[in-house]
Amino acid sequence: MAIVKLDTYTIEQIAAGEVIEAPVSVVKELVENSIDANSKNIVVEIKNGGKTFIRVTDDGTGIDKADMILAFEKHATSKIGNFNDLYDICSLGFRGEALSSIASVSDLVAISKTKEEEIGKKLEFKNNKYKESSIATNTGTSIIVKDLFNNLPVRKKFLKSDIAETNAISKLIYSLAIGYNDISFKYIKNGRVEFISHGSEDLETKIPNLLDPNLKDKLIKISANNDIYNIDGFISSPNYYRGSRSLQHLFINNRLIDSNIITNNIEKEYRSYIPNSRFPAFFLFVNTNPKNLDVNVHPNKKTIKFNYEDDLISLLSTSIYKSLIKENNPAEITNKKIENKQIPDLSNYQSLLDSYKSFNIVKEDAKLYENDDFFNEDKKIISSNKQSFNNNDYTKIKSDQQKSLLEGKFSYLYLTSIFGKYSLFKKSEDEIIVLDHRRADEAIKYNEFIKNMSNKSV
Ligand code: ADP
Ligand code: MG
């Protein structure tokens with residue numbers, strides 16, 4: 001094919017594809033504009049996953065009549081003046097691409113009025129042409145986007161199901177309602193109000209109310225800072241988890257972002273608490289001097305480059321690690337001595353436990369301790385265990401050590417059993433040995449077998 005210069009319309013459609021990948025990108029760009037316009041109330045309405053209808057209405061500053069058409073031109077923005085402004089940026093938008101891109105891939109209607117203006121104006125875009133008129137309206141802006149990608153059938157084909165597109169939009173709106181706590185959001189899905197969030201509600205109440213009532217009392221406050229970064233927000237406690245990452249929200253300088261590296265590092269801290277393929281919830285707000293960030297990495301502005309990324313990660317990981325440990329304090333074992341309790345038969349484990357005897361062990365008489373609640377179940381198992389120990393596999397391998405325990409020669413202080421599967425022994429003042437019966441049994445059998453092998457008796 002010979003080289004040709006693409007016409008403006010084609011160039012625009014290609015560029016628009018980078019900003020507007022799916023209905024959720026339209027919603028994101030429109031709501032970000034409403035936030036940048038200092039709105040206090042934002043209403044988001046969608047139909048069919050946003051494919052046929054999206055409307056975002058706000059009560060922000062509005063667009064001046066003189067700027068109305070300009071706002072829909074490429075690279076027209078009121079938010080930066082030159083490239084360096086990018087590194088001081090506090091607004092969410094700056095590329096001046098969203099409105100023009102959306103208008104080039106949909107039928108768009110924009111209505112806006114500033115508080116100085118008596119009457120509002122309406123711009124209707126269809127097939128890349130527009131029509132202007134006046135309209136009575138409140139101060140603020142309302143943008144309606146219909147039939148997204150109708151003029152780009154290939155793109156349209158790649159859209160996900162209505163449900164999947166709706167879910168993506170819902171997650172976004174929930175995130176924004178949490179992240180912009182001073183703004184009230186109303187979210188309407190297929191004609192039904194999904195939620196109304198109130199501005200300035202205490203986040204610890206708002207999060208469970210809006211997202212999951214089970215998060216009540218399961219949120220841990222995080223607050224940490226170093227010379228560069230300041231982190232605030234909430235993480236879920238170690239005994240809460242989800243099947244997906246839907247409740248993970250990260251804001252950097254008020255911008256909702258995706259960061260695999262941060263997510264991975266947070267999830268790493270939960271690894272010893274929650275099962276595989278389950279995910280913690282977090283709502284974290286990181287603040288830093290805008291100079292430490294590059295937000296101009298991708299037109300969708302969801303990826304950010306950090307200076308001093310390691311400092312942020314270590315601050316975050318340490319503070320989450322400490323909070324989780326504190327929250328997950330193991331139940332304290334309060335021991336009450338009880339006399340004259342039968343000692344379960346533990347002789348088979350003597351040699352095994354002996355192999356861990358790397359320190360001087362305080363020899364103590366074997367005494368049974370009891371604690372109140374957690375182990376009570378197991379107590380029953382223990383007291384009836386003598387018999388079962390004798391009958392089951394654990395004790396098949398008899399040895400002359402059998403008696404030594406009952407004669408008080410066993411070197412570890414038996415504390416209790418857990419679920420009838422593990423035994424706890426006190427090794428020294430600050431050491432406890434956990435013995436897994438099944439593994440112990442395997443180990444004993446194995447040692448026996450190896451011994452017999454070397455005796456050639458097998
Ligand atoms: P950007 O947000 O990057 O500046 P946009 O194409 O999203 O680019 O918007 C262009 C301009 O239109 C903005 O800079 C802003 O001045 C104006 N604008 C867009 N949406 C709104 C709104 N909801 N309220 C007030 N002004 C708006
Ligand atoms: Mg914008």
Side-chain angles (χ1 to χ4, degrees), residues 12-13 15-21 23-45 54-106 108-117 120-125 128 130 132 135 137-145 148 172-173 176 180 183-186 253-257 290 294-304:
E12 270 172 23
Q13 285 191 322
E18 286 207 297
V19 192
I20 307 303
E21 295 156 304
V24 65
S25 346
V26 174
V27 177
K28 179 172 177 286
E29 293 295 336
L30 295 181
V31 176
E32 285 188 351
N33 281 345
S34 299
I35 295 169
D36 282 345
N38 295 323
S39 307
K40 288 282 152 251
N41 294 281
I42 299 175
V43 185
V44 180
E45 291 167 75
I54 295 170
R55 172 160 54 197
V56 175
T57 307
D58 67 51
D59 59 352
T61 55
I63 307 170
D64 209 77
K65 187 173 174 23
D67 291 338
M68 193 74 175
I69 291 166
L70 191 59
F72 286 86
E73 280 184 21
K74 281 187 313 265
H75 315 302
T77 178
S78 55
K79 298 169 192 174
I80 58 169
N82 61 51
F83 188 75
N84 286 336
D85 289 352
L86 265 184
Y87 297 92
D88 271 324
I89 193 165
C90 294
S91 61
L92 297 172
F94 53 84
R95 301 176 64 102
E97 293 181 309
L99 291 186
S100 62
S101 302
I102 300 167
S104 75
V105 293
S106 69
L108 185 150
V109 179
I111 294 169
S112 193
K113 186 183 96 63
T114 61
K115 73 173 184 312
E116 291 77 24
E117 290 167 340
K121 57 268 157 198
K122 180 171 166 187
L123 265 187
E124 285 172 88
F125 290 84
N128 248 26
Y130 65 83
E132 232 183 327
I135 188 171
T137 181
N138 295 331
T139 297
T141 305
S142 182
I143 310 255
I144 302 167
V145 176
L148 189 64
L172 171 76
I173 306 299
L176 296 172
Y180 295 91
I183 299 175
S184 161
F185 284 85
K186 182 172 180 179
N253 281 8
N254 277 340
R255 184 185 299 279
L256 179 65
I257 67 143
D294 190 349
V295 289
N296 188 30
V297 179
H298 188 274
N300 70 18
K301 300 168 283 166
K302 278 170 80 181
T303 324
I304 275 191

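Along the sequence shown, residues are numbered consecutively beginning with 1. Just follow the structure's listing: the first ligand is 1, and inside any ligand the first atom is 1.
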Based purely on interatomic distance, does Glu29 place a nitrogen or oxygen under 3.5 Å from a nitrogen or oxygen of ligand 1?
no
Nearest heavy-atom approach of Ser34 to Ser39 is O-OG, 2.6 Å
Which segment of Asp58 sits under 4.0 Å of ligand 1 when only heavy atoms are counted
side chain
Any nitrogen or oxygen of Ala98 lying under 3.5 Å from a nitrogen or oxygen in ligand 1? Just yes or no.
yes
Assess, by modelled atom type and distance only, whether the side chains of Thr139 and Lys113 contain a donor and an acceptor separated by less than 3.5 Å.
yes
Using a strict cut-off of 4.0 Å, indicate which atoms of ligand 1 neighbour a heavy atom of Glu97.
6 (O), 8 (O)
Residues at least two apart in sequence or cross-chain that pass salt bridge (Lys or Arg N to Asp or Glu O under 4.0 Å) with Lys121, listed by chain then number, are Glu117
Taking the side chain from Ser112 and the backbone from Gly140, do they hold a donor-acceptor pair closer than 3.5 Å?
yes
The residue among Ile54, Leu108, Val109 that forms side-chain contact (heavy atoms from CB on, under 4.5 Å) with Ile143 is Leu108
Ligand-side contact atoms (ligand 1) for residue partner Ala71, heavy atom cut-off under 4.0 Å:
10 (C), 12 (O)
Just distances here: any N/O of Leu99 and N/O of ligand 1 closer than 3.5 Å?
yes
Note: Ile102 and Ser106 closest approach over all heavy atoms is O-OG, 2.8 Å
Just jot down the ligand 1 atoms closer than 4.0 angstrom to any heavy atom of Gly62, in number order.
25 (C)
Given Ser142, which of Thr57, Ile135, Asp59 fulfils the side-chain contact (heavy atoms from CB on, under 4.5 Å) condition?
Thr57
Strictly under 2.8 Å, is any N, O or S atom of Asn33 next to the Mg ion (ligand 2)?
yes
Asp36 versus ligand 1: do any nitrogen or oxygen atoms come within less than 3.5 Å of each other?
no
Kindly write out the residues that satisfy ring pair (Phe, Tyr, Trp, His ring centres under 6.0 Å) with Phe72, not counting sequence neighbours, or none if the list is empty.
Phe125
Ligand 1 atoms in contact with Ala37 (distance to a heavy atom under 4.0 Å)
24 (N), 25 (C)
If you measure from each heavy atom of Gly96 to ligand 1, is any distance below 4.0 Å?
yes
Using a 4.0 Å heavy-atom cut-off, say whether Thr77 meets ligand 1 through its side chain, its backbone, both or neither.
both
